[in-house]
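Side-chain atoms are counted along with the backbone in the values below, which use heavy atoms only and exclude waters and symmetry mates. Just follow the structure's listing: the first ligand is 1, and inside any ligand the first atom is 1.
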Amino acid sequence: MAADESLLAAATPRLRILMLVHGFNSLSQRLHVELAARGHVLSVEYDIHDAITLEAVELFRPDVVLAPYLKRAIPEAVWRHVPCLIVHPGIPGDRGPAALDRAILERRSHWGVTVLQAVAEFDAGPIWAHRSFPMREAPKASLYRREVTTAAVEAVLEALSRLAAGWQPEAQHEGLPGRTHRPVSLAERTIDWTSDRTADVLRKIHSADGYPGVRGELAGVTCRLYDAHAEHGLRGAPGALLARRGEALCRATVDGAVWIGHVRREDEHALKLPATLALAAELAGLSDLPELPEDDDGRVVYREADGVGWIDFPFHNGAMGTPHCRRLAETVRMARSRGVRVLVLTGGPEFWSNGIHLNLIEAADSPADASMHNIEAMNDLVAELLECRGLWLIAALRGNAGAGGCFLALAADEVLAHDGVVLNPHYRNMGNLYGSEYWTYLLPKRVGEDGVAHVLDRRLPLGAHEAAAIGLIDGCIGPAAGFMEAVDAHARAVAADPDFPRLIAAKLDGYAADEREKPLAVYRAEELERMRLNFYGFDPSYHVARHAFVHRRPQSWTPLHLAIHRRRTPPQPT
Ligand code: COA
């Protein structure tokens, strides 16, 4: 179905929308941002228990319940009385769990998102809107955060316009392209290293990337496998381990080889970790396994053209442990020494950065010490960026940024994002973490003292448009498609600008004035004093929150910054 432009163009009246979610994940956050920007009144409830959902509906009295990420059915007592829109990551007519996993396994050339009304039978309700997109050969989580999210935002906006206009949704019928599919079985994804080709191995791992991971064996250990990509040179006996490099292990297939970056051992309480760390004990016995240089692993890539240096750092999930921070800082130092006029930090395609690496910290013998080392390494990286005095530093956010990752970006002279980027510029969701990364210097400088509380205390995701409007970032430049080209044109223009020396002189003056007012090292020291309390003090909230986060513990209640209907004095519509 083509987009009904007239419906999209017409302003949708303000609706009270209750978002019912299994977790406030990236898609839910993006929808929250988009709907809030359109003036809708939003509240969020985690899907914990039917009685809690009913209570939320009773308290909030929504015009519509929106379920972008749900794992259970909505109670009948709700959908009978309030229209409930389910975002299904499948084409019209597709029914069943793990729709995107199956689309990847079946090598679909196109896939889609459908907004359905909840009825008694799963995925069987009338269709309010849908969108399709061409599939990419990529991990499921990457497709979800990019194609699925873009399609879902469009389809939800259209569905809400239609709902507000009194449109009647289309009942599902025989002629729809989708069908009912069965759940993906373990056997369907099991890799046979003696017969599967590289493309088969990648498809199986991609189909389960993020969650649940393909179950397989590596270095003799049963694990869930994630974060795979093809190797283009090494060959060996099918199934043989060929090499290690940085975080990843290379294993031969019948027609090539694949790198596996992350694994979760099947042992109880095991975490998703870099493969070489999770299997360190087993690998110690394989002393003849060749170790390739880490600087070729695609995790930190430097390139240069026309006076502009570019650093990509697509760290898995945007998580930056001590070694990641050090590597990036070294690359920044190297770039500075090359005399480029402009340096662009591009992060990764899904995440720019999500701050310190909580999984590595959790896995350490002393999580408190590991937290301290990680935040020091992160601060050293920020300091390195702040020392880039003779060049113009641009943070180009092609992916989302959260917590310390957001503040890392603010160390650049210019922060640019496309309009699909979601920022979470706050730390408190992680057990009231105080935060560092020089935020006490960087944030007020951008949003003013009054803006600090607005940014930090709301604890809500911010869209790039709003972030630019409040001065947190410098520009939101159009959609994701074309963003990097726009950044490229801008960076080249800055590098070629005859006024460049004046730009740098003004920047140096600014830093000199800031240092005179308060040395930047003092901000860092003050923040770290507070962080030390978070890590070593009597209040274990950070450690508890981190443990729950890395083990993906289900939510047990909805925090009040999301569930406005549960506040004693809910904010009044303005
Ligand atoms: N360290 C380790 N892993 C992290 C991470 C971090 N700092 N931030 C995100 N991840 C991982 C998640 O565990 C998840 O892993 P999965 O592949 O097993 O699913 C994946 O990245 C995606 O995270 P998710 O929470 O599903 O993404 P989102 O887009 O829905 O939410 C955030 C984004 C930033 C709000 C959320 O990931 C978050 O709160 N991260 C922690 C940020 C933080 O507190 N950092 C420490 C202080 S600096």
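Of the listed residues (Met430, Glu437, Gln29), the one carrying the non-hydrogen atom nearest atom 44 (O) of ligand 1 is Met430. The option with the heavy atom closest to atom 45 (N) of ligand 1, from among Ile375, Leu271, Asn354, is Asn354. Checking Leu408, Asn359, Asn400 against atom 3 (N) of ligand 1, the nearest heavy atom belongs to Asn359.
In terms of protein heavy atoms, atom 27 (O) of ligand 1 is closest to Phe351 CZ, 4.0 Å. Remark: minimum distance from atom 11 (C) of ligand 1 to any protein heavy atom is reached at Asn317 ND2, 3.5 Å. In terms of protein heavy atoms, atom 16 (P) of ligand 1 is closest to Lys272 NZ, 3.6 Å. The nearest protein atom to atom 29 (O) of ligand 1, hydrogens excluded, is given as Ser26 CB, 3.1 Å; this is a heavy-atom distance. Protein heavy atom at the shortest distance from atom 22 (C) of ligand 1 is Arg145 NH2, 3.1 Å. The nearest heavy-atom contact from the protein to atom 1 (N) of ligand 1 is Leu358 N, 2.9 Å.
Using a 4.0 Å cutoff on heavy atoms, Phe549 counts as a contact of ligand 1. Using a 4.0 Å heavy-atom cutoff, His316 is absent from the residues neighbouring ligand 1. Heavy atoms of Ile356 approach ligand 1 to within less than 4.0 angstrom. Not a single heavy atom of Arg546 sits closer than 4.0 Å to an atom of ligand 1. The shortest separation from a heavy atom of Asn424 to ligand 1 is under 4.0 Å, placing the residue in contact.
Judged purely by distance below 3.5 Å, without hydrogens or angles, the side chains of Arg189 and Ser207 pair a donor atom with an acceptor atom. A donor-acceptor pair shorter than 3.5 Å cannot be found between the side chains of His206 and Arg203.
Checked for salt-bridge contact, Arg327 and Asp295 miss the test: no charged N lies under 4.0 Å from a carboxylate O. In this structure, Arg108 does not pair ionically with Asp94, as no charged nitrogen and carboxylate oxygen lie closer than 4.0 Å.
Each of Tyr438, Tyr427, Tyr441, Trp352 was evaluated against Phe407; a single residue qualifies, Tyr427, per the ring-ring contact (aromatic ring centres under 6.0 Å, His included) test. A salt bridge (Lys or Arg N to Asp or Glu O under 4.0 Å) with Asp227 holds for exactly one of Lys140, Arg264, Arg299; it is Arg299.
Atoms of ligand 1 lying under 4.0 Å from at least one heavy atom of Asn25, given by number and element, are 30 (O). Within the listing of ligand 1, atoms 48 (S) sit less than 4.0 angstrom from a heavy atom of Gly404. Taking a cut-off of under 4.0 Å to the non-hydrogen atoms of Ala403, the atoms of ligand 1 that pass are 42 (C), 43 (C), 44 (O), 45 (N), 47 (C), 48 (S). Taking every non-hydrogen atom of His357 and a distance limit under 4.0 Å, the qualifying atoms of ligand 1 come out as 1 (N), 2 (C). Close approach of ligand 1 to Ala319 (heavy-atom distance below 4.0 Å) involves ligand atoms 1 (N), 2 (C), 3 (N), 6 (C).
Remark: aromatic rings of His32 and Phe24 are close, center separation under 6.0 Å. Taking the six-membered ring wherever Trp is involved, the centroid distance between the rings of Trp439 and Tyr523 does not fall below 6.0 Å.
The part of Leu433 lying near ligand 1 is the side chain, judged by heavy-atom distances below 4.0 Å. The residue Met378 has no part lying near ligand 1, judged by heavy-atom distances below 4.0 Å.
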Verdict with supporting geometry, Tyr226 and His316, ring-ring contact (aromatic ring centres under 6.0 Å, His included): CA-CA 10 Å; Tyr226 309 90; His316 188 62; 7.4 Å; no
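Crowding of Arg530 atom CZ: a count of heavy atoms from other residues, nucleotides or ligands under 6.0 Å not exceeding 12.
At least one N or O atom of Arg552, backbone or side chain, sits closer than 3.5 Å to an N or O atom of ligand 1.
The main-chain N or O of His88 is never found under 3.5 Å from a side-chain atom of Thr114 such that the two would form a donor-acceptor pair. In this structure, His130 contributes its side chain and Val115 its backbone to no donor-acceptor pair below 3.5 Å. The main-chain N or O of Lys71 is never found under 3.5 Å from a side-chain atom of Asp47 such that the two would form a donor-acceptor pair.
The side chain to side chain donor-acceptor pair (under 3.5 Å) check on Ser28 picks up Asn25, with sequence neighbours excluded.
Taking a distance limit of 4.0 Å, we find that atom 32 (C) of ligand 1 is approached by no protein heavy atom.
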